[in-house]
Amino acid sequence: MENSLLYPCNNRYRDSRLLDGLWQFQFDPTAKGKAQHWEKGLPQPLKVPVPGSFSELFTKEQQRDYVGDFWYETNFFVPRGWEQTTLWVRFGSLTQRATVYCNGVELTTHEGGFLPVIAALSSVIRLNQENKLVVQLNNELNETSLPCGTQKILPSGRKIAKPYFDFFNYAGIQRSVWLLSLPQVAIQDYSVTFQREEENALVNFDVQTTDSNSVQVRLLDAQGKLVAAAHGKQGTLRVPHAHWWQVRNAYLYQIVIQLKTETGEILDEYSDRIGIRTVEISGTKILLNGKPIYLKGFGKHEDFAILGKTFNWSVAKRDFELMKWSNANCFRTSHYPHAEEWYQFADEEGFLIIDEVPAVGMMRSTHNYVAAGSGKYTHFFETPTVPQLKANHLQQINEMIVRDKNHPSVIAWSLFNEPETTSAYAKEYFTEIFTKARQYDPQKRPLTGALEKNSQPDKCQCFPLLDFICLNRYYGWYISGGADIEEAEQLFQQEMEKWKALNLNVPIVFTEFGADTLPSEHKLPSSMWSQEYQCKYLKMNFHVFDNYDFVQGELVWCFADFQTAEAIMRVNGNRKGVFTRERQPKDAAFMLKQRWETK
Ligand code: GCB
């Protein structure tokens with residue numbers, strides 16, 4: 001069950017308690033915690049919120065920019081009635097890596113900061129007494145971790161992060177923590193795939209359980225009426241006149257899975273909301289339910305003042321309201337899998353998601369936004385650490401797909417953002433990544449990855465691996481910006497002509513294009529950093545996109561301003577947001593709203 005990433009669900013057979021609240025917390029800059037057995041209790045703890053990103057909470061730079069080991073601790077009681085069940089603790093994520101202890105005993109370790117961690121508690125738990133849960137975390141970056149980066153030691157001996165990516169390295173217990181009570185014999189996982197039969201749908205299911213008891217699967221419509229049922233771990237539900245899950249018109253069914261004994265006694269039940277839809281690539285089109293769909297929207301970060309990367313329902317609600325208002329239909333979870341609740345929201349609201357694994361920073365540059373496009377070759381895939389990196393990369397793709405496979409909103413998997421792709425080493429690396437990843441998704445959704453400017457049609461060795469091509473391009477910002485924007489358009493057209501000449505017969509989606517813009521700046525005529533320039537820049541890009549019918553999507557960089565490491569090209573973070581960090585519109589938001597109303 002450690003491998004069961006099913007989201008918590010409460011019913012007669014399953015129960016859960018949130019452990020969110022104020023926890024104890026301690027930095028461990030000299031990494032002495034293990035030797036001093038902090039797993040038994042932290043010696044001098046502070047109090048911090050869980051979920052929370054610690055960097056946004058404190059007033060000293062040593063705390064905000066802290067890199068190294070740090071520990072969390074809380075105490076809990078096992079609720080009454082849970083004695084005969086199996087007990088688990090489930091973290092939505094632990095960033096970047098962690099070891100989990102309960103009552104002084106190590107339960108599990110996990111690498112990667114954006115996917116769930118589950119640990120079995122039953123063997124160490126004390127009923128009718130307080131139990132101590134301790135987590136040791138570490139937020140160092142290296143070239144085998146996803147995302148990639150490094151550390152620097154300052155003259156004082158203090159360590160700071162040097163990410164090879166352009167967002168703040170927020171860390172901590174940033175998503176909810178649940179105590180779970182599950183039956184002794186349980187449903188471990190399930191997956192669904194869909195087939196269209198004119199207006200009817202076939203829902204094929206595959207259920208994994210911890211033993212060989214029998215399984216019943218029922219499908220209820222939005223009114224709770226039974227529409228189909230079947231027995232067996234694998235099978236097919238026939239849904240006559242199916243309500244298809246559509247963009248901004250999301251119809252969700254309830255799937256109810258029961259595990260039963262021969263005599264019909266129910267041992268476990270898991271239910272979930274699913275949408276029936278198909279996704280495929282056909283020539284230069286992306287088809288949803290067999291019909292072409294043009295992707296309109298944003299690259300999105302999990303980022304907000306004080307919260308950092310903490311999931312928060314109110315921020316999520318506001319973001320979806322803004323995306324609906326702007327007539328968007330899609331976002332990319334750049335550059336890591338977001339909290340599960342984002343996907344639940346997207347399922348309900350009918351938004352499409354390109355789900356991205358944290359494979360960002362694979363080009364060995366602490367200013368990747370400058371290095372991207374500079375032509376600098378970084379030898380990234382030539383080092384002895386590559387096998388470890390590849391193992392972590394595959395593990396996180398697998399965990400992401402296992403976690404998110406049943407969300408109708410997820411239409412594609414992005415397996416990287418802007419790596420080095422021009423060498424034979426990169427080709428070998430990504431060929432293995434894509435070949436293996438193709439086996440993970442029962443729905444066989446398209447695989448893609450976002451290519452930066454160095455990945456030109458005549459240089460990139462990896463684009464043939466992608467089912468549709470995602471391009472991040474900054475013509476008019478990093479390349480020929482401001483007074484040179486005319487030249488930028490020309491250079492952009494030249495590149496597009498090269499893609500066209502290849503006659504690839506696959507869609508191209510722009511997953512990034514954007515201009516840093518300060519909401520305080522207005523300029524007539526426009527100049528860089530002003531709101532007018534952001535509009536001019538976007539219009540120029542649209543002018544180019546609209547010339548090519550194989551361009552099948554535009555996701556602006558970025559939905560909202562976000563925090564990054566300090567740098568001379570960053571004004572309190574990256575300011576390419578169409579919305580401010582406080583989620584108010586810049587002028588460009590009104591322009592996008594208008595374009596996307598009819599696009
Ligand atoms: C990129 C990166 C993204 C950066 C963006 C920028 O190409 O993928 O992470 O934030 O450029 O604004 O420079």
Side-chain angles (χ1 to χ4, degrees), residues 114 141 146-149 161-170 297-303 309 331-338 354-376 378 380 414-422 448-456 460 462 469-481 488 492 495 509-518 528-529 533-534 537-538 541 554-581 586 588:
F114 302 95
L141 302 167
L146 271 66
C148 300
K162 287 286 165 189
Y164 298 167
F165 51 87
D166 185 36
F167 52 91
F168 196 90
N169 186 35
Y170 286 120
F298 306 95
K300 251 183 138 283
H301 267 297
E302 289 184 303
D303 177 274
K309 292 203 180 302
F331 62 96
R332 177 171 64 124
T333 67
S334 38
H335 296 303
Y336 37 82
H338 289 192
I354 299 179
D355 204 0
E356 188 157 277
V357 79
V360 54
M362 295 178 160
M363 70 182 303
R364 198 171 289 120
S365 163
T366 50
H367 293 102
N368 68 343
Y369 44 91
V370 182
S374 67
K376 188 173 153 217
T378 60
F380 193 85
S414 168
L415 306 190
F416 58 69
N417 182 69
E418 303 195 338
E420 188 281 292
T421 64
T422 57
T448 187
L451 297 167
E452 51 86 26
K453 166 75 173 22
N454 290 328
S455 302
Q456 287 288 308
C460 176
C462 299
I469 295 176
C470 291
L471 298 181
N472 297 351
R473 291 294 182 270
Y474 289 92
Y475 291 103
W477 187 254
Y478 295 121
I479 299 158
S480 304
F492 196 1
E495 180 183 344
V509 171
F510 282 91
T511 36
E512 285 187 29
F513 57 105
D516 284 272
T517 305
L518 297 175
M528 291 175 90
W529 296 90
Y533 188 76
Q534 191 179 30
Y537 166 94
L538 292 174
N541 277 265
E554 49 193 57
L555 307 184
V556 182
W557 192 254
C558 185
F559 173 73
D561 293 346
F562 60 92
Q563 199 55 256
T564 63
E566 295 171 67
I568 53 164
M569 288 168 82
R570 294 290 173 260
V571 185
N572 186 18
N574 186 309
R575 308 302 291 269
K576 295 191 185 68
V578 168
F579 298 94
T580 63
R581 203 178 189 210
K586 298 183 191 170

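Just follow the structure's listing: the first ligand is 1, and inside any ligand the first atom is 1. Quick note: numbers below take in every heavy atom, side chains included, and nothing from hydrogens, waters or symmetry partners.
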Within 4.0 Å of some non-hydrogen atom of Arg570, the atoms of ligand 1 are 6 (C), 12 (O), 13 (O)

Over 60° means perpendicular and under 30° means parallel, so classify the ring planes of Trp477 and Trp529, tilted if in between. perpendicular

Show the atoms of ligand 1 that are less than 4.0 angstrom away from any heavy atom in Phe562. 10 (O)

Close approach, Tyr474 and ligand 1, non-hydrogen under 4.0 angstrom: yes

Run Asp561 and Thr580 through side chain to side chain donor-acceptor pair (under 3.5 Å) and show every step you take. CA-CA 5 Å; Asp561 293 346; Thr580 63; 5.9 Å; no

In the protein, which heavy atom is nearest to atom 4 (C) of ligand 1, and how far is it? Asp166 OD2, 3.3 Å

Best match, Lys453, Glu512, Arg473: closest heavy atom to atom 8 (O) of ligand 1: Glu512

Would a distance-only check, ignoring hydrogens and angles, find a side-chain to backbone donor-acceptor pair under 3.5 Å from Asn574 to Arg570? no

Taking only non-hydrogen atoms of His335 and a 4.0 Å limit, the atoms of ligand 1 in range are 3 (C), 8 (O), 9 (O)

Please evaluate residues Asn572 and Glu566 with respect to the criterion side chain to side chain donor-acceptor pair (under 3.5 Å), reporting the C-alpha separation (whole Å), side-chain torsions for both, the decisive distance (0.1 Å), and the verdict. CA-CA 7 Å; Asn572 186 18; Glu566 295 171 67; over 6 Å; no

Is there a heavy atom in Glu452 that sits closer than 4.0 Å to ligand 1? no

Less than 4.0 Å is my threshold; does some heavy atom of Phe165 fall inside it relative to ligand 1? no

Audit row: Arg332, Glu512, salt bridge (Lys or Arg N to Asp or Glu O under 4.0 Å) steps and yes/no: CA-CA 10 Å; Arg332 177 171 64 124; Glu512 285 187 29; 2.7 Å; yes

Ligand 1 atoms nearer than 4.0 angstrom to some heavy atom of Tyr478 are 6 (C), 12 (O), 13 (O)

Nearest-neighbour protein heavy atom for atom 7 (O) of ligand 1, which is reported as residue plus atom name and distance: Glu418 OE2, 2.4 Å

Proximity of Phe167 to ligand 1 by residue part, where a heavy atom lies under 4.0 Å: neither

Got Tyr537 and Thr517 here, is their nearest side-chain heavy-atom distance under 4.5 Å? no

Closest approach of any protein heavy atom to atom 12 (O) of ligand 1, naming residue and atom: Lys576 NZ, 2.6 Å

Ligand-residue contact atoms, ligand 1 with Asn472, heavy atoms, under 4.0 Å: 8 (O)

Check each heavy atom of Thr564 against ligand 1 and say whether those closer than 4.0 Å belong to the side chain, the backbone, both or neither. neither

Would you say Trp477 touches ligand 1, if touching means a heavy atom closer than 4.0 Å? no

Gap separating the OG1 atom of Thr564 from the CG atom of Asp303, nearest 0.5 angstrom: 9.5 Å

Where do Tyr475 and Glu495 land on the side chain to side chain donor-acceptor pair (under 3.5 Å) test, with the steps shown first? CA-CA 10 Å; Tyr475 291 103; Glu495 180 183 344; 2.5 Å; yes

Side chain, backbone, both or neither: the part of Asp516 lying under 4.0 Å from ligand 1 by heavy atom: neither

Between Tyr478 and Lys453, is the side chain to side chain donor-acceptor pair (under 3.5 Å) condition met? List the steps. CA-CA 10 Å; Tyr478 295 121; Lys453 166 75 173 22; over 6 Å; no

Run the numbers on Phe510 and Trp557 for side chain to side chain contact (heavy atoms under 4.5 Å, CB included), then give the verdict. CA-CA 10 Å; Phe510 282 91; Trp557 192 254; over 6 Å; no

